[in-house]
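If you're wondering where the values come from, they're calculated on a predicted model, not measured in any experiment.
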Amino acid sequence: MAGAKFITLEGGEGAGKSTQLRLLVAALQAKSIACVQTREPGGSPGGEEIRELLVKGEPGRWDALTEALLMFAARTDHVARTIKPALDAGKWVVCDRFTDSTYAYQGAGRGLGKERIAAMEAATLGGLKPDLTLVLDLPAEMGLKRTLSRPGSDTRFEKFDLGFHEKLRTAFLEIAKREPSRCIVVDTARDVETVAADIWRIVSSRFGIT
Ligand SMILES: Nc1ncnc2c1ncn2[C@@H]1O[C@H](COP(=O)(O)OP(=O)(O)O)[C@@H](O)[C@H]1O
Ligand SMILES: [Mg+2]
């Protein structure tokens with residue numbers, strides 16, 4: 001179990017990322033693994049300010065390219081101020097969304113395409129990739145239904161139409177297929193405890209946690 005690990009949870013709206021992230025962090029802490037729980041967009045004071053611009057308001061508030069650049073601006077600050085310092089200090093980082101979400105939302109959903117997102121990634125992240133990405137998979141319609149039972153005002157992306165959310169699901173599954181050594185797909189159309197047990201099995205065996 002050498003070195004601090006960087007784990008991300010990905011998936012569409014209501015797939016269960018935030019729920020499973022809390023449970024995963026608790027399970028790691030129960031094994032005395034120091035970890036930082038964080039999220040995107042956000043995760044640093046500056047990143048959280050940029051988040052406000054991204055998650056509130058009407059779907060058409062931002063031109064797609066501007067939206068992608070704001071995502072990478074928030075991410076660059078988040079990596080510099082939160083993620084890198086934590087990993088350097090030996091703390092694991094468990095993050096709710098990361099670059100894969102930009103490939104899915106802005107690349108596929110909003111139609112910018114992989115290449116433009118890849119260029120932004122290369123210009124900003126210096127090759128930083130998660131050690132493990134859990135792609136939480138749920139039919140888009142089910143995910144959106146689940147978000148309705150949840151309080152909160154960060155609803156801008158939830159307001160995009162169903163076709164948009166179906167594109168996201170396809171994009172996340174394509175990423176997982178392209179990078180099978182980093183990404184594991186987890187079916188979240190099962191109860192919370194069953195999904196959490198599955199995730200713990202994946203994480204503990206990947207990193208040799210006993
Ligand atoms: N496996 C599950 N089965 C049923 N409801 C779930 C499950 N996982 C999460 N939920 C509920 O669905 C809603 C969305 O879950 P959440 O974790 O907030 O998703 P995300 O962070 O991916 O948008 C929440 O109200 C949550 O309590
Ligand atoms: Mg969430």
Colleague: Which atom names give the shortest non-hydrogen contact between I83 and F98, and what distance separates them?
Modeller: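 Closest pair (atom of I83, atom of F98, distance): CD1-CE1, 3.9 Å.
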Colleague: Do D198 and D187 have side chains that get closer than 4.5 Å, going by heavy atoms?
Modeller: no
Colleague: Look at atom CD of E49 and say whether more than 12 heavy atoms of other residues, nucleotides or ligands are closer to it than 6.0 Å.
Modeller: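 For E49, atom CD is not crowded (no more than 12 foreign heavy atoms under 6.0 Å).
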Colleague: Work out which heavy atom in A86 is nearest to a heavy atom in V93; give both atom names and the distance.
Modeller: CB-CG2, 3.6 Å
Colleague: Please tell me whether V185 and W200 are part of a single hydrophobic cluster in this structure, the criterion being side-chain heavy atoms less than 4.5 Å apart.
Modeller: no
Colleague: Quick check: is W92 connected to L24 through a chain of hydrophobic side chains (ILVMFWY, heavy atoms under 4.5 Å apart)?
Modeller: yes
Colleague: Given side chains that start at C-beta, do those of R116 and L65 come closer than 4.5 Å, heavy atoms only?
Modeller: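 Contact flag for R116/L65 side chains = yes.
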Colleague: Quick one: pull up OG1 in T66 and CG in L53 and give me the separation to the nearest 0.5 Å.
Modeller: 11.5 Å
Colleague: Treat each ILVMFWY residue as a node, draw an edge where side-chain heavy atoms are under 4.5 Å apart, and state whether I33 and L87 are in one component.
Modeller: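 As far as the 4.5 Å side-chain criterion goes, L87 and I33 are not connected within one cluster.
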Colleague: Measure across A15 and L138 and return the closest heavy-atom pair with its distance rounded to 0.1 Å.
Modeller: CA-CD2, 4.1 Å
Colleague: Under the ring pair (Phe, Tyr, Trp, His ring centres under 6.0 Å) rule, what pairs show up with a residue in residues 126-149, not counting sequence neighbours?
Modeller: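 Every candidate ring pair (Phe, Tyr, Trp, His ring centres under 6.0 Å) pair involving residues 126-149 fails, so no pair, neighbours aside, qualifies.
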Colleague: Contact between I50 and D77 at the side-chain level, heavy atoms closer than 4.5 Å - yes or no?
Modeller: no
Colleague: Could you state the interatomic distance from CG (L173) to CG (L168), rounded to the nearest 0.5 Å?
Modeller: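 Reported to 0.5 Å precision, the distance equals 11.0 Å.
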Colleague: Measure up the F164 and F157 rings against each other and bin them: parallel (under 30°), tilted (30 to 60°), perpendicular (over 60°).
Modeller: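 The arrangement is parallel - the two ring planes meet at less than 30°.
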Colleague: Nearest 0.5 Å, please: how far is CE in M71 from OG1 in T124?
Modeller: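 Answer rounded to 0.5 Å: 13.5 Å.
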Colleague: Taking all heavy atoms of S101 and all of Q106, pick out the closest pair and write down the distance.
Modeller: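 Residues S101 and Q106, closest heavy atoms: O-OE1, 4.1 Å.
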Colleague: Examine distances only and state if a side-chain atom of T155 and a backbone atom of E158 form a donor-acceptor pair shorter than 3.5 Å.
Modeller: no
Colleague: Examine the side chains of Y103 and E121 and answer whether a donor and an acceptor come within less than 3.5 Å of each other.
Modeller: yes
Colleague: Tell me, yes or no, whether the heavy-atom count around K84 atom NZ, taken from other residues, nucleotides or ligands under 6.0 Å, exceeds 12.
Modeller: no
Colleague: Has R156 got more than 12 heavy atoms of other residues, nucleotides or ligands less than 6.0 Å from its CZ?
Modeller: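 Count over threshold, so yes.
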Colleague: Is E13 salt-bridged to K159, going by a charged N under 4.0 Å from an acidic O?
Modeller: no
Colleague: Got R51 and R39 here, is their nearest side-chain heavy-atom distance under 4.5 Å?
Modeller: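 When only atoms from C-beta onward are counted, R39 and R51 do touch, with a gap below 4.5 Å.
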Colleague: Working to the nearest 0.5 angstrom, can you tell me the gap between D131 CG and S181 OG?
Modeller: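 Those atoms lie 11.0 Å apart.
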Colleague: Side-chain contact test, heavy atoms from C-beta onward, threshold under 4.5 Å: evaluate it for T19 versus R150 and give yes or no.
Modeller: no
Colleague: With a 4.5 Å limit on heavy-atom distance, are the side chains of V203 and K5 in contact?
Modeller: no
Colleague: Does E141 have more than 12 heavy atoms from other residues, nucleotides or ligands lying within 6.0 Å of its CD?
Modeller: no
Colleague: Would R75 and T102 count as a side-chain hydrogen bond (donor to acceptor under 3.5 Å, both in side chains) here? Give the steps.
Modeller: CA-CA 10 Å; R75 180 163 303 128; T102 313; 2.9 Å; yes
Colleague: Are any side-chain N or O atoms of T170 and backbone N or O atoms of E166, one a donor and one an acceptor, separated by less than 3.5 Å?
Modeller: yes
Colleague: Mind checking side-chain contact (heavy atoms from CB on, under 4.5 Å) for A197 and listing every partner two or more places apart, or none if nothing turns up?
Modeller: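 Partners of A197 by the side-chain contact (heavy atoms from CB on, under 4.5 Å) criterion come out as none, since no residue qualifies.
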Colleague: Step by step, would you call K31 with S204 a side chain to side chain contact (heavy atoms under 4.5 Å, CB included)?
Modeller: CA-CA 10 Å; K31 295 288 179 182; S204 58; over 6 Å; no
Colleague: So which heavy atom on A64 is nearest to which on L112, and how close?
Modeller: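 Answer, listing the atom of A64 first, then L112: O-CD1, 3.6 Å.
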Colleague: Kindly determine whether F72 and I117 satisfy side chain to side chain contact (heavy atoms under 4.5 Å, CB included), including the steps that lead there.
Modeller: CA-CA 9 Å; F72 275 105; I117 306 300; 4.0 Å; yes
Colleague: Please check if F160 and L70 belong to a single hydrophobic cluster, counting links between Ile, Leu, Val, Met, Phe, Trp and Tyr side chain heavy atoms closer than 4.5 Å.
Modeller: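 Yes, F160 and L70 fall within the same hydrophobic cluster.
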Colleague: Nearest 0.5 Å, what's the NE2-OH distance between H165 and Y105?
Modeller: 6.5 Å
Colleague: Can you name the nearest heavy-atom pair linking V135 to A176, along with the distance?
Modeller: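 For V135 and A176, the tightest heavy-atom pair comes out as CG2-CB, 4.2 Å.
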Colleague: If I take atom CG from residue L134 and atom CG from residue L9, how far apart are they, to the nearest 0.5 angstrom?
Modeller: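 The distance works out to 5.0 Å.
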Colleague: Look at the side chain of R61 and the backbone N and O of K56, then say whether any donor-acceptor pair between them is shorter than 3.5 Å.
Modeller: yes
Colleague: Name all residues meeting the side-chain contact (heavy atoms from CB on, under 4.5 Å) criterion together with A196; count only those two or more places apart in sequence or in a different chain, and write none if there are none.
Modeller: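 Testing A196 for side-chain contact (heavy atoms from CB on, under 4.5 Å), a comparison that skips the adjacent residues, returns Q20, L23.
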Colleague: Looking at R169, K177, K17, R190, which hits salt bridge (Lys or Arg N to Asp or Glu O under 4.0 Å) with D137?
Modeller: R169
Colleague: Where the side chain of E10 meets the backbone of R97, is there a donor-acceptor pair that is under 3.5 Å apart?
Modeller: no
Colleague: Can you hop from I209 to I7 via hydrophobic side chains spaced under 4.5 Å?
Modeller: yes
Colleague: Evaluate the side-chain proximity of T99 to T8: yes if any heavy-atom separation is below 4.5 Å, no if none is.
Modeller: no
